[in-house]
Amino acid sequence: MKVLLVGGGKTLYFLCRKFTSSGHDVIIVDSDRDECVSLSRQLTATVVAGDGSDSRILDEAGVRGADVVLAITSNDQDNLVICQLAMRTFGVRRAMALANDPENATVFRDLGLDAFSTTEIIGSLIEQHAAIDQVRNLLPVGEGKVNVTEVSVDTGSPVAGKLLKDIELPGNALVAVIIRENETIVPRGGSSIIAGDRVVLITLPENHGKVIEAFTGERA
Amino acid sequence: MKNDRYIVIVGCGRLGSHLANRLSIEGNSVVVIDNKESTFENLSLDFSGFRIEGDATRLSVLKEAKLGDADVLIATTREDNVNLMVAQVAHKLFAVPKVIARVFDPRREEMYKQLGVETICPTTVAAELFLIEASKGGKR
């Protein structure tokens, strides 16, 4: 996959390192010339110095061949224009914009872009981690539309000792895996849950709290 | 021209303040948004509209300006991308009937026309006027 990243700072550096180490081709566009020099020394990526919301710079960087464009500058207006140029002028199939202001994530989606807010993602991670000790490894998938959560079942849990089919869950929630000591079980209705198990749950934001409550007995 | 409209102007620099003064004196209800309070000094004593200090790329600021009630939005900041974002949000999310953005880079104009944003590029406008005047000059 060919990824074009527009932005700067440590996030850009570490994202680029992550993508290159998974074997993707990365092109960086960064308006800070000094940072470009140091990035090109440290990374195995093509680095272009310039304003990523300028169509000439994007073209020069090779945006036409990119599979994904990711705009993560600190200015929402620039991220919007970068993604719109990439998609509309250069025909890139997927462009994702960082919304620095969380409210702009919705704005960007209404304007037809993929958008994400790190504030929202980190905020929900902290809230849900801090709320209940038994809940771990919460991972938002699909721009936060789906949550993957690991819950430890202890003896006080309302589901301990029950069969999966006897547990009342809200709609659109799934027990994906039961981890019992070193064994991993993909459960069916007849599988039981016992104290000490860790279960991996797939939930939606609207039913997340209720599902967690069903497994821990505590209000999320 | 109708002079009883509700007009939101983003950017209170030379162009924005000039438009705000004119449109306010003509009798329109005008709200000016700028993230620098000092720019409001550009408004004349006859300006009878409202001033909002804030970043117009934030939805909360546009809501404060009651953009949903506006008849016209004019985006005049010195940053093309701010103007283009505010204009699109006004057009798509607040359904403002008339939206105009100043855009310095002529290459961005075409794409934004397709997105329903009317743009005015000062460079293109000035160039046209210069060409007209220059064509009036004869040969020596």
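We name chains A, B, ... by the order of the sequence lines, and we start the count at 1 in each one.
- Top candidate by heavy-atom pairs under 4.5 Å with chain A, chosen from B:R58, B:K92, B:E79, B:R108, is B:R108.
- Every residue was checked against the side chain to side chain donor-acceptor pair (under 3.5 Å) condition with A:R109, not counting sequence neighbours, and none meets it.
- Residue-level contacts of residues 41-54 of chain A with chain B, in order of numbering, are A:D51, A:S53, A:D54; threshold 4.5 Å between heavy atoms.
- A:S55 approaches B:R107 most closely through the heavy-atom pair OG-NH1, 3.3 Å.
- Looking at heavy atoms from C-beta onward, B:L84 lies out of side-chain contact with A:Q84 at the 4.5 angstrom threshold.
- Contacts of residues 71-80 of chain A with chain B at a heavy-atom distance below 4.5 Å involve A:D76, A:Q77, A:D78, A:L80, listed in sequence order.
- Closest of all the heavy-atom pairs between A:D101 and B:L59 is OD2-N, 4.2 Å.
- The 12-atom threshold is exceeded at CD of A:E206, counting heavy atoms of other residues, nucleotides or ligands nearer than 6.0 Å.
- Atom CG of A:D110 sits in a crowded spot, with more than 12 heavy atoms from other residues, nucleotides or ligands closer than 6.0 Å.
- Atom CZ of B:F130 is surrounded by 12 or fewer heavy atoms from other residues, nucleotides or ligands within 6.0 Å.
- Residue A:I82 does not touch chain B at all, counting heavy-atom pairs closer than 4.5 Å.
- Distance check: A:F90 CZ to B:M111 CE gives 9.5 Å after rounding to the nearest 0.5 Å.
- With rounding to the nearest 0.5 angstrom, the CZ atom of A:R88 is 4.0 Å from the CG atom of B:L115.
- The stretch residues 19-40 of chain A places none of its residues near chain B, where near means some heavy atom under 4.5 Å from a heavy atom of that chain.
- Looking at B:E110, neither its backbone nor its side chain comes within 4.5 Å of chain A, counting heavy atoms on both sides.
- Heavy-atom minimum distance, A:L111 versus B:V89: CD1-CG2, 4.3 Å.
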